[in-house]
Amino acid sequence: MSTERVRIALQKTGRLAEDSLGLLKNCGLHIDRSRDQLFCRIKELPIDLLLIRDDDIPGFICNGICDLGIVGENVFAEAKASGDREFAATVLERLGFSLCRLALAVPENGNINTVSDLANATIATSYPNLLRDFLKAQNIEAKTLVMTGSVEVAPRLKIADAICDIVASGATLAANNLRELAVVLRSEALLIRPAQQFSGEKEEIVRRLLSRMRGALMAEDSKYIMLNAPRSAVNEITRLLPGCDSPTIMDLNKEDMVAIHAVCKEAVFWETMEKLQSAGASAILVMPIEKMTA
Ligand code: PRT
Ligand code: ZN
């Protein structure tokens, strides 16, 4: 009978929250929580969830309050770059969602055109440690204005010449007449853990969860494809199937026709379907995969 429980820190509300909970649900965990609940006990596995602000997640891993956390790489890397000697969290898995980048941006019609033009400029950011490391690597001396929010308005208010902030679609930069100058860090959601080992029992729970997570992430990206084709087109069609190395080929009750079934580990776009048709495929079916193992 297991006594140890693994505690996972997740963002309570915000851009990471839905996908983080969605991933755990796809791992077979039933999460029922009321809106204000900060703690959630999972029945299926010895796991508890702690729902907090994303900025607190790296610290909760380092000080041992939580065993795993899902956090943006931007937040993780900023905490790591703080140089805090207590920082002892590592990346267990890259999760591939919440894609964004930490970027330098400047006014559209200003006189800063290259990164070296930032010398002596004032740069507003919520990421002073990552910005400092980036500027140091580029050999540039600049001033940093730390802001916790609304960084994009700083140039318009004339309190900064540039910003270093998170960009996803670029719409916020465009709405504020800002232009992206350079990428400081590309970011995605990360599963993080303490650097030190857990007890054997806890490591086993983490191993089981990680294996389910990998399967769930793989299933999300994968599709099951079925089609019919002339036998002579099998090689060409196999080459066109994205992320698939060994399809199943079956005889059809029709001369020289076969059925091809395959798991494609990448998205199947309309363009691919059209190319398959041109290569002779017919009755193409593309289906989602609910669960799979590596
Ligand atoms: O309340 P809490 O502190 O937990 O949340 P938060 O407000 O600090 O963070 P939240 O929920 O906004 O974002 C959580 C994480 O999602 C971030 O740390 C990133 O890893 C990731 N992420 C993905 C983003 C974005 N996309 C994003 N677009 N984080 C922020 N933005 C903001 C950005 O700050 C800017 O204001 O959206 C704006 C830019 O978006 P575009 O699409 O206009 O370019
Ligand atoms: Zn935050």
Side-chain angles (χ1 to χ4, degrees), residues 7-24 31 33 35-40 49-63 65-66 68-82 84 87 89-108 123-131 133-134 144-157 159-160 162-192 217 220:
R7 190 177 282 180
I8 309 179
L10 301 177
Q11 189 190 32
K12 183 171 184 280
T13 49
R15 290 184 168 90
L16 275 168
E18 201 178 315
D19 284 346
S20 305
L21 282 176
L23 175 59
L24 293 180
I31 299 147
R33 63 163 183 145
R35 258 186 96 67
D36 296 319
Q37 207 174 317
L38 297 181
F39 186 82
C40 180
L49 307 182
L50 202 61
L51 304 160
I52 55 180
R53 287 198 63 178
D54 67 345
D55 314 74
D56 294 332
I57 294 176
F60 272 46
I61 298 292
C62 295
N63 62 22
I65 295 176
C66 290
L68 296 175
I70 295 181
V71 71
E73 194 164 358
N74 48 316
V75 170
F76 174 77
E78 175 66 14
K80 190 172 178 184
S82 70
D84 185 348
F87 189 91
T90 60
V91 178
L92 183 55
E93 189 77 358
R94 307 183 71 83
L95 300 175
F97 58 82
S98 281
L99 298 180
C100 59
R101 54 198 183 273
L102 180 66
L104 282 157
V106 292
E108 294 266 16
I123 308 172
T125 191
S126 312
Y127 297 84
N129 298 314
L130 289 173
L131 176 61
D133 289 355
F134 178 85
T144 303
L145 174 68
V146 180
M147 293 174 71
T148 51
S150 306
V151 174
E152 66 279 0
V153 301
R156 201 161 6 110
L157 296 177
I159 56 175
I163 67 166
C164 175
D165 198 13
I166 298 296
V167 179
S169 66
T172 305
L173 291 187
N176 288 281
N177 292 319
L178 297 168
R179 182 171 60 80
E180 201 170 324
L181 195 63
V183 173
V184 173
L185 177 86
R186 292 199 183 275
S187 176
E188 64 185 273
L190 303 175
L191 179 69
I192 60 170
L217 291 169
E220 217 166 80

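Atoms within a ligand are numbered from 1 in the order they appear, just like the ligands themselves. Heavy-atom basis, side chains included; hydrogens, waters and symmetry copies ignored.
- Under 2.8 Å from the Zn ion (ligand 2), one finds the following protein N/O/S atoms: Asp54 OD1, Asp55 OD1.
- Protein heavy atom in closest approach to atom 27 (C) of ligand 1: Arg15 NE, 3.4 Å.
- When only interatomic distances are considered, the shortest N/O to N/O separation between Gly170 and ligand 1 falls below 3.5 Å.
- By the side-chain contact (heavy atoms from CB on, under 4.5 Å) test, Ser150 pairs with Val153, sequence neighbours left out.
- Heavy-atom proximity to atom 5 (O) of ligand 1, evaluated over Arg53, Glu180, Gln11, is greatest for Gln11.
- Taking each of Thr172, Thr148, Asn74, Ile52 in turn, the one with a heavy atom nearest to atom 39 (C) of ligand 1 proves to be Thr172.
- Taking any N or O of Glu73, backbone or side chain, none lies under 3.5 Å from an N or O belonging to ligand 1.
- Under the ring pair (Phe, Tyr, Trp, His ring centres under 6.0 Å) criterion, Tyr127 pairs with no residue at all, not counting sequence neighbours.
- The parts of Ala171 lying near ligand 1 are both backbone and side chain, judged by heavy-atom distances below 4.0 Å.
- Any N or O atom pair closer than 3.5 Å counts here, and Ala168 shares at least one such pair with ligand 1.
- Heavy atoms of Ile166 found under 4.0 angstrom from ligand 1 belong to the backbone as well as the side chain.
- Distances between N or O atoms of Tyr127 and those of ligand 1 include no value under 3.5 Å.
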In residues 172-181, what donor-acceptor pairs under 3.5 Å come from side-chain atoms, sequence neighbours left out?
from: Asn176; atom 1: OD1; to: Arg156; atom 2: NH2; distance (Å): 2.5
from: Asn176; atom 1: ND2; to: Thr172; atom 2: O; distance (Å): 2.8
from: Arg179; atom 1: NH2; to: Ile112; atom 2: O; distance (Å): 3.1
from: Glu180; atom 1: OE1; to: Arg101; atom 2: NE; distance (Å): 3.4
from: Glu180; atom 1: OE1; to: Arg101; atom 2: NH2; distance (Å): 2.9
from: Glu180; atom 1: OE2; to: Arg101; atom 2: NE; distance (Å): 2.8

